[in-house]
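Below: one structure, written as structure tokens.
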Amino acid sequence: MGKDTRGLDHLMEQNETELDFLSAYGGVDDGQKGDGQAVLAALQRFFRAGGVDVQLKDSTLEFAWGSAHAEEDGCRLVVKGLHLPLVESDLMAAGFSDGHLNDERSEVSVLLTAWSMEQRRFVERLVEHRSNA
């Protein structure tokens with residue numbers, strides 16, 4: 001059993017060092033959840049890595065189809081577009097708060113309180129929708 005444990009530890013250490021390039025997609029450690037500036041910075045890195053043209057002005061990230069603003073408890077993301085690929089339940093997952101999707105599905109506003117796989121997938125869907133529009 002000791003030999004297997006050592007192999008797993010070595011594999012985990014190896015992967016931690018070899019996957020540093022993923023930091024381009026951001027990430028907020030558990031200790032930073034709810035930190036609006038940290039989520040905004042992660043969102044900015046994610047957009048730039050995906051080729052989205054963004055402008056940062058004070059605590060607001062602006063892009064052609066929306067904006068993101070750092071707040072005390074997270075980062076408020078507002079996106080506008082035709083037939084956004086979202087439903088209300090998308091805004092209720094862990095790391096999302098105070099979400100609103102209008103009836104026409106043309107505008108969404110949600111507070112991102114974390115930056116994890118769920119938030120990255122959510123934003124990625126919006127980016128893909130925008131590029132296919």
Exercise for the section: Measure across Leu84 and Val79 and return the closest heavy-atom pair with its distance rounded to 0.1 Å. Expected result: CD1-O, 3.8 Å
Exercise for the section: Identify the heavy atoms of Thr113 and Val39 that sit nearest to each other, and give their distance. Expected result: C-CG2, 4.5 Å
Fill in the blank from the handout: Separation between CD (Glu72) and CD (Gln37), nearest 0.5 Å, reads 11.5 Å
Handout entry: Where His129 and Leu82 come nearest, the two heavy atoms and their spacing
Key = NE2-O, 2.7 Å
Exercise for the section: Tell me yes or no: between the side chains of His100 and Asp98, is some donor less than 3.5 Å from an acceptor? Expected result: yes
Exercise for the section: Measure across Ser97 and Val110 and return the closest heavy-atom pair with its distance rounded to 0.1 Å. Expected result: O-CG2, 3.6 Å
Problem - Pair His69, Ser59: side-chain N/O donor-acceptor within cut-off below 3.5 Å - result: no
Fill in the blank from the handout: d(Gln55 CD, Glu62 CD) to nearest 0.5 Å is 8.0 Å
Completion exercise
Closest non-hydrogen atoms of Gln119 and Ala114, given as atom of the first, atom of the second and distance, are CG-O, 3.2 Å
Exercise for the section: Report yes if some heavy atom in the side chain of Lys80 is under 4.5 Å from a heavy atom in the side chain of Ser106; otherwise report no. Expected result: no
Handout entry: Smallest separation among heavy atoms of Ala70 and Leu40, with atom names
Key = CB-CD2, 4.0 Å
Handout entry: Min side-chain heavy-atom separation Val123-Arg120 under 4.5 Å
Key = no
Practice task
Decide yes or no for Arg45 and Arg48: does some side-chain heavy atom of the first lie under 4.5 Å from some side-chain heavy atom of the second?
Solution key: no
Exercise for the section: Mind running salt bridge (Lys or Arg N to Asp or Glu O under 4.0 Å) on Glu124 and Arg121 for me, showing each step along the way? Expected result: CA-CA 5 Å; Glu124 189 174 57; Arg121 278 192 215 126; over 6 Å; no
Handout entry: Connected via hydrophobic side-chain network under 4.5 Å: Val78 and Phe46
Key = no
Practice task
Answer yes if Leu56 and Phe47 sit in the same cluster of Ile, Leu, Val, Met, Phe, Trp and Tyr residues linked by side chain heavy atoms under 4.5 Å apart, and no otherwise.
Solution key: yes
Problem - Arg125 (side chain) donor-acceptor with Pro85 (main chain) under 3.5 angstrom - result: yes
Problem - Any donor-acceptor pair under 3.5 Å from Asp58 side chain to Thr60 backbone - result: no
Handout entry: Main-chain N/O of Leu61 paired with Ser67 side-chain donor or acceptor, under 3.5 Å
Key = no
Completion exercise
In this structure, CG of Asp53 is separated from CZ of Phe63 (nearest 0.5 Å) by 11.5 Å
Practice task
Please examine the side chains of Arg105 and Leu86, heavy atoms only from C-beta on, and report whether any two atoms are closer than 4.5 Å.
Solution key: no
Practice task
Find out if a path of hydrophobic residues (ILVMFWY) with successive side-chain heavy-atom gaps under 4.5 Å connects Leu111 to Phe96.
Solution key: no
Practice task
Starting at CG of Asp35, measure out to CG of Asp73 and round the result to the nearest 0.5 Å.
Solution key: 10.0 Å
